[in-house]
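Excluded from the calculations below are hydrogen atoms, water molecules and symmetry mates; all remaining heavy atoms, backbone and side chain alike, are included.
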Amino acid sequence: RISAGTYDFSRDEVLLFTSARVYRYKVQANSHRIIFHRDDALPIHLQSAIVGAIYYQDNVHIVKATTLQSVDIGHFHKKSSERKLNQEFSGLLGSVKAAFTHGYLHHFFTTDRLVYVWDEQFNRCETFAKPMENNWFACRKTK
């Protein structure tokens, strides 16, 4: 069961996380295909309650309900410090149940059904003021 996924721009890899493993796929630029590269067991400190993965500040990060942890893809067993989501992304409130990155925008879906979007280029957070009515959300058009 996949818990999270993200694209690592620095390695041209798609990463898919389960509760205990990460599956890595290399992107072949010429053919626009992905090829299974390898899978690794996640160390104990990264297992449990992964709700998302984002590519933030040129690094892969695991998102848990209220924390963010950077991941050194080459050295999974090297422990990095956990940071509180609301300290890293000011304006983000509540407990996160899903997260993903699209470009420089990081989307966080909270248990109170709000969607927060962190704009990495401008270091600011926006939210849709009212809870989602269904399982998706309304996006503004981008140029």
message: Please give me the minimum heavy-atom distance between K97 and V51, naming the atom from each residue.
response: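 In this case the closest contact between K97 and V51 is O-CB, 3.5 Å.
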For [X], check side chain to side chain contact (heavy atoms under 4.5 Å, CB included) against everything at least two apart and list the hits.
| X | value |
| --- | --- |
| Q87 | K84 |
| A99 | I54, V63, V96, F108 |
| I34 | V14, Y25, V27 |

Counterpart residues, side-chain hydrogen bond (donor to acceptor under 3.5 Å, both in side chains), relative to [X] (two or more places apart):
| X | answer |
| --- | --- |
| Y7 | D12 |
| S10 | D8 |
| E88 | Y56, R83 |
| T67 | none |

field: salt bridge (Lys or Arg N to Asp or Glu O under 4.0 Å) pairs, two or more places apart, involving residues 41-67
entry: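 Qualifying pairs: K64-E82.
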message: Per the salt bridge (Lys or Arg N to Asp or Glu O under 4.0 Å) rule, what does the pair list look like for residues 100-110, sequence neighbours excluded?
response: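 Non-adjacent pairs meeting salt bridge (Lys or Arg N to Asp or Glu O under 4.0 Å): zero.
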- request: Check salt bridge (charged side-chain N to carboxylate O under 4.0 Å, His left out) between R33 and all other residues, then give those that pass, not counting sequence neighbours.
  value: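 R33 satisfies salt bridge (charged side-chain N to carboxylate O under 4.0 Å, His left out) with no other residue.
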Set of residues satisfying salt bridge (charged side-chain N to carboxylate O under 4.0 Å, His left out) with respect to D39, sequence neighbours excluded: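 Here the qualifying residues are R21.
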